[in-house]
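All remarks here apply to the structure that follows.
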Amino acid sequence: MSSLHERHVAVSPEWLALYYRHPLELTHGEGRHVWDADGRRYLDFFGGILTTMTAHALPEVTKAVSEQAGRIIHSSTLYLNRQMVELAERIATLSGIPDARVFFTTSGTEANDTALLLATAYRRSNQILAMRNSYHGRSFSAVAITGNKAWSTTSLSPLQTLYVHGGVRTRGPYAELSDAQFIKACVADLEDLLGHTRGAAALIAEPIQGVGGFTSPPDGLFAEFREVLNRHGILWISDEVQTGWGRTGEHFWGWQAHDRNGPPDMLTFAKGIGNGMSIGGVVARADVMNCLDANSISTFGGSPVTMAAGLANLTYLLEHDLQRNARRVGGLLIERLRAIGAAAECVREVRGRGLMIGIELVKPGTDEADPDAATAVLEAAREGGLLIGKGGGHNTSVLRIAPPLSLTIAEAEEGAEILAGALRSVG
Ligand SMILES: Cc1ncc(COP(=O)(O)O)c(C=O)c1O
């Protein structure tokens with residue numbers, strides 16, 4: 001009888017990567033912990049890619065899902081759906097976008113695809129500005145705005161994409177500049193780029209690049225970009241798939257670190273809101289959302305069961321002020337990791353905010369990315385009972401730490417201790 005791993009390999013696409021030399025089967029979870037099929041317990045610092053937002057097996061979400069499933073699982077958007085309207089109302093208010101309309105999808109990819117559809121229709125242009133080192137999803141259109149080689153599965157594209165500087169602060173041509181000079185240089189680059197184009201539709205950007213290794217520009221860059229975009233009538237789409245719902249601690253949305261010139265025209269979300277149930281969506285100004293002149297529908301978008309989960313999850317998040325917890329526990333965790341990193345020769349940088357922390361690894365004494373070290377630390381952390389992620393546009397050499405937002409101080413301490421040991425083990 002083949003192992004589950006062998007069966008997975010035999011039946012799955014080769015490009016569907018698994019973590020670990022001996023891949024894990026996770027069978028259940030509770031709070032910030034998960035268990036594998038052999039009964040071993042792990043502290044979960046990755047939450048299934050920033051998706052288990054509040055906690056594993058949160059009773060409030062489980063109850064909402066099972067009660068709704070017992071009533072009706074699916075009805076479609078052809079009929080009124082109380083849960084969908086209620087969640088849309090709450091997200092519209094939270095978004096900060098005036099006269100906001102919300103459209104639900106089933107993934108972040110589909111959310112961004114919708115935002116691109118809206119922007120290109122609204123502006124009658126297929127030109128998109130995206131950031132270098134970006135990731136926005138796996139569909140044909142989302143891949144067309146991916147500035148990360150490792151995730152660019154095709155160069156064929158329905159869009160003309162122009163890549164802008166600014167997502168990566170400590171590498172690249174502007175790395176040595178001060179924050180103010182960095183912003184100035186990126187704005188000048190954008191102005192120059194626009195001088196060579198004909199009416200781009202939108203700029204899409206992650207406030208903190210997720211797959212790209214938790215990199216971000218100095219606060220305020222996108223507000224400066226906004227001023228330039230406004231002059232050209234170009235829309236700003238903030239991809240909040242990883243940064244939304246208070247994960248960054250200081251802000252509820254990542255764009256709020258760049259709010260001097262108001263909110264974006266569109267915001268996309270997914271991952272954490274459903275705590276694992278498949279919810280994605282777009283919030284847009286009414287005139288942008290309503291610019292399509294034909295029907296559009298997502299059969300599973302806004303399903304009663306996922307919406308019930310989203311409502312229960314969001315209610316828990318807000319009632320327990322998990323944004324504040326992300327700021328407080330994340331602040332302590334990053335300080336602790338910075339101290340650990342300072343003593344480890346392979347650590348180039350510990351960065352991030354809230355519970356979104358990246359540790360970039362290099363070959364000691366150089367600035368050269370070390371993906372092998374990242375893989376080795378991932379394995380060693382697992383051995384120690386801790387699950388983390390990795391990413392980074394420069395050869396996947398960044399450890400990614402993004403636990404559920406209910407993380408306790410004791411758990412943060414425990415995870416940091418395991419990580420310190422894992423880093424020591426690779427030198
Ligand atoms: C910033 C960002 N946007 C979009 C996506 C795509 O979301 P999904 O995998 O739900 O399609 C991701 C996924 O990692 C992401 O990190």
Side-chain angles (χ1 to χ4, degrees), residues 13 15-17 19 46-53 103-117 119 128 130-148 150-153 159 161 163 166-168 202-217 222 236-245 247-248 251 253-255 257-258 264 266-283 298 300-303 306 309-310 313 352-358 388-393 396 398 400-402:
W15 38 262
L16 193 64
Y19 271 175
F46 206 38
I49 324 179
L50 294 88
T51 298
T52 304
M53 173 170 78
F103 176 71
F104 288 108
T105 65
T106 56
S107 68
T109 297
E110 198 192 344
N112 284 328
D113 188 78
T114 307
L116 293 170
L117 173 71
I128 297 291
M131 307 302 291
R132 295 185 184 183
N133 199 46
S134 58
Y135 180 81
H136 298 285
R138 60 163 299 280
S139 68
F140 194 47
S141 70
V143 167
I145 50 166
T146 295
N148 181 325
W151 295 91
S152 297
T153 45
L159 301 165
T161 305
Y163 289 98
V168 181
L203 166 79
I204 183 165
E206 306 153 83
I208 298 176
Q209 295 183 323
V211 171
F214 293 175
T215 60
S216 60
F222 293 116
W236 172 24
I237 307 167
S238 188
D239 179 340
E240 301 279 352
V241 167
Q242 296 212 9
T243 47
W245 320 109
R247 175 165 292 282
T248 67
H251 308 102
W253 304 107
W255 69 260
H258 310 265
M266 279 189 263
L267 167 166
T268 58
F269 61 85
K271 291 200 187 286
I273 182 62
N275 216 33
M277 297 296 280
S278 55
I279 306 177
V282 188
V283 189
S298 169
F300 295 120
S303 107
T306 61
N313 198 36
R353 65 205 314 171
L355 284 170
M356 196 168 178
I357 303 172
I388 57 172
K390 57 182 177 158
T396 317
V398 182
R400 289 200 292 159
I401 292 152

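Each ligand, and each atom within it, is numbered from 1 in the order the structure gives. Residue indices begin at 1 and follow the sequence shown.
At a 4.0 Å cut-off, not a single heavy atom of G210 sits close enough to ligand 1 to count as contact. Residue contacts with ligand 1 leave out E110, since none of its heavy atoms falls under 4.0 Å from the ligand. The closest approach between I49 and ligand 1 stays at or above 4.0 Å for every heavy atom of the residue.
With T268 as the fixed residue, the side-chain hydrogen bond (donor to acceptor under 3.5 Å, both in side chains) test singles out one of N112, D113, T105: N112.
Remark: aromatic rings of W245 and F269 are close, center separation under 6.0 Å.
Residue S107 approaches ligand 1 through these ligand atoms, each under 4.0 Å from one of its heavy atoms: 10 (O), 11 (O).
Summarising the geometry of D239 relative to P207, their closest heavy-atom pair is O-CD, 3.3 Å, with the distance given to 0.1 Å.
For atom 9 (O) of ligand 1, the closest heavy atom belonging to the protein is T109 OG1, 4.3 Å. Atom 14 (O) of ligand 1 has its closest protein heavy atom at K271 NZ, 3.1 Å.
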Discussion item. Please determine whether side-chain contact (heavy atoms from CB on, under 4.5 Å) holds for the pair Q209 and Y135, giving the CA-CA distance in whole Å, both sets of side-chain angles, and the decisive distance to 0.1 Å.
Written reply: CA-CA 7 Å; Q209 295 183 323; Y135 180 81; over 6 Å; no

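Note: no N/O pair closer than 3.5 Å links G137 and ligand 1 by distance alone.
Selection from T146, T268, V241 by nearest heavy atom to atom 15 (C) of ligand 1 gives V241.
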